[in-house]
Undergrad: 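What follows is a structure written as structure tokens; I'll ask about it next.
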There are 2 protein chains.
Amino acid sequence: MIPSAASGSAAGSAASPSGASPSGGGKPSRRDQILAAAAELFAQHGFRGVGIDDIGAAVGITGPALYRHFRSKDAMLGEMLTGISEYLLAGGTERVGRTGEADEILAGLVRFHVDFALQQPALITVHERSLASLADEDRRRVRRLQRQYVEVWVTALRTAVPRLDEPHARSAAHAVFGLINSTPHNRHLPHEDLAELLTRLALGALYAAK
Amino acid sequence: MIPSAASGSAAGSAASPSGASPSGGGKPSRRDQILAAAAELFAQHGFRGVGIDDIGAAVGITGPALYRHFRSKDAMLGEMLTGISEYLLAGGTERVGRTGEADEILAGLVRFHVDFALQQPALITVHERSLASLADEDRRRVRRLQRQYVEVWVTALRTAVPRLDEPHARSAAHAVFGLINSTPHNRHLPHEDLAELLTRLALGALYAAK
DNA sequence: ACAGGAGGTTAGCGTTCACTAACTTCGTCC
DNA sequence: GGACGAAGTTAGTGAACGCTAACCTCCTGT
């Protein structure tokens, strides 16, 4: 059971980038409903702080029924995190593959990450908090995807700001991820204002790097 | 028991800002040893992912012996988080109370937070991840301290950058916390280089805010 | 010398929790 | 119209874990 203040309805509006299947238009499959609800709960209480029964209840079924859809609780987290990592890497790779000015590419990359963080704050939270709870194999896979995503940023950043050496660029990338991923703590501003602010802040930071 | 890759010795070198007691010079008390070891473990595995026996083992005693020093596992986390929050608020308040240019005050605030994040990456991690695991009363207290700390930043920021309205300033503060608190993911650069980089990035971001 | 308390030990209790087993329900296809 | 499989239910099992109880071992002060 979840201990403290768990207000009304969970299950946010799982928009486009939820991992894999719901890329089409139709209503989300049961699997995806479950993943969305679990993401919300994991973000609020941590992976270990959420029980099987809690996840079931969030989609209107009992706990054990989840095992008709997932092999284990670990597998749910695994699917969630690899989905996010693959989405980010694919989107990032696609952006840097475009032709254009280096500055525009970098700005596009920033905006892509900002949009994701704004649309999926729960996934962002889980992504950066629950790596430790992953099964070994999944963790290796997610780590590799994350490293590749960082490399995408490093090359884009060093093209736009050539004075940066690789270690500084890598650290700057991590720092800007932290900046953008602050969306879960940022409930004060209207969506679009926040998107613009975060984009400005991120680019301001990156171009200030030495 | 902690499941996966838990390498050698935990218990980092608990430097100055560890909360309360070890402010003097002498060897840290048992309590503080335990808090330091627990912080490291909580950062790596999450509060719920660490057992009483793990914490005990990290300081060379058995699990139940911890109850000679703390009322409960929750109380350990509570003391840890309120200690951090109080340290940050006190340090921040002291900084903005100094006389000087608004820009210098803001830079000092940034540098203060950067130094803390660099010296205590484990505490930073726990501070931003494990709020949900806190007992109700402790959570309220920590939340209030955090809000006050944000307010310190907001006023310093708006003095230095008057065009910012309050909501934008608040969001920018949260974003910059995220940036600075990325230190746990930043193992690539020498300590001092990273401190300088993060300070530049943070100030670059803040002055880019609109 | 020894009383007492601080700080450690092992054994065990009760609860929580992931997962399984066995059974039910219901829509779909031939 | 009945076989079947997908998706749900309740009951239960075994392990993990927080914490307590009871006991031991010193160090310290009088």
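Predicted, not measured: the structure shown is a model, and the values here were computed from it. A note on names: the letters A, B, ... follow the listed sequences, proteins ahead of strands, and every chain is numbered from 1.
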Undergrad: For B/M76 and D/dC17, what is the distance between atoms CE and P respectively, to the nearest whole Å?
TA: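 From B/M76 CE to D/dC17 P: 15 Å.
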Undergrad: Look at B/H69 and C/dA6 and indicate whether a side-chain polar atom (N or O) is within less than 4.0 Å of OP1 or OP2.
TA: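 False: B/H69 side-chain N/O out of range (4.0 Å or more) of C/dA6 OP1/OP2.
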Undergrad: Which nucleotide sits closest to the side chain of A/A65: D/dT9, C/dC19, D/dC19?
TA: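 Comparing D/dT9, C/dC19, D/dC19 against the side chain of A/A65, the answer is D/dT9.
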Undergrad: Starting from the 5' end of DNA chain D, give me the residue, B/Y67 or A/T62, whose nearest nucleotide shows up first.
TA: A/T62
Undergrad: Take atom NZ of A/K73 and atom P of C/dA18, then tell me their distance rounded to the nearest Å.
TA: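 Taking NZ of A/K73 and P of C/dA18, I get 4 Å after rounding.
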Undergrad: Indicate whether any N or O donor in one side chain lies under 3.5 Å from an N or O acceptor in the other, for A/D32 and A/S29.
TA: yes
Undergrad: Round to a whole Å and report the spacing from CG of B/D53 to C1' of D/dT20.
TA: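 Interatomic distance, CG of B/D53 to C1' of D/dT20: 14 Å.
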Undergrad: From CZ of B/F70 over to P of D/dC19, roughly how many Å is that when rounded to an integer?
TA: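 Taking atom P of D/dC19 as the reference, CZ of B/F70 is at 13 Å.
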Undergrad: Expressed as a whole number of angstroms, how long is the span from A/R48:CZ to C/dT16:P?
TA: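 Result: 18 Å.
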Undergrad: Out of B/H113, B/R144, B/E86, which residue meets the side chain to side chain donor-acceptor pair (under 3.5 Å) rule with B/Y149?
TA: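 That would be B/H113.
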Undergrad: Expressed as a whole number of angstroms, how long is the span from B/L66:CG to D/dC19:P?
TA: 10 Å
Undergrad: Can you tell me the distance, in whole Å, between the CZ atom of B/R30 and the C1' atom of C/dG8?
TA: 9 Å
Undergrad: Rounded to whole angstrom units, what separation is found between the CD1 atom of A/I52 and the P atom of D/dT9?
TA: 13 Å
Undergrad: Taking the side chain of B/R68 as its heavy atoms from C-beta onward, which of D/dA22, C/dC19, D/dG18 lies nearest to it?
TA: D/dA22
Undergrad: Would you say that A/R68 contacts A/R30 through its side chain, given a criterion of any heavy-atom pair below 4.5 Å between the two side chains?
TA: no
Undergrad: Tell me yes or no: between the side chains of B/H188 and A/E166, is some donor less than 3.5 Å from an acceptor?
TA: no
Undergrad: I want to verify a distance call: between D/dG8, D/dC19, C/dT20, whose nearest atom is closest to the A/P64 side chain?
TA: C/dT20
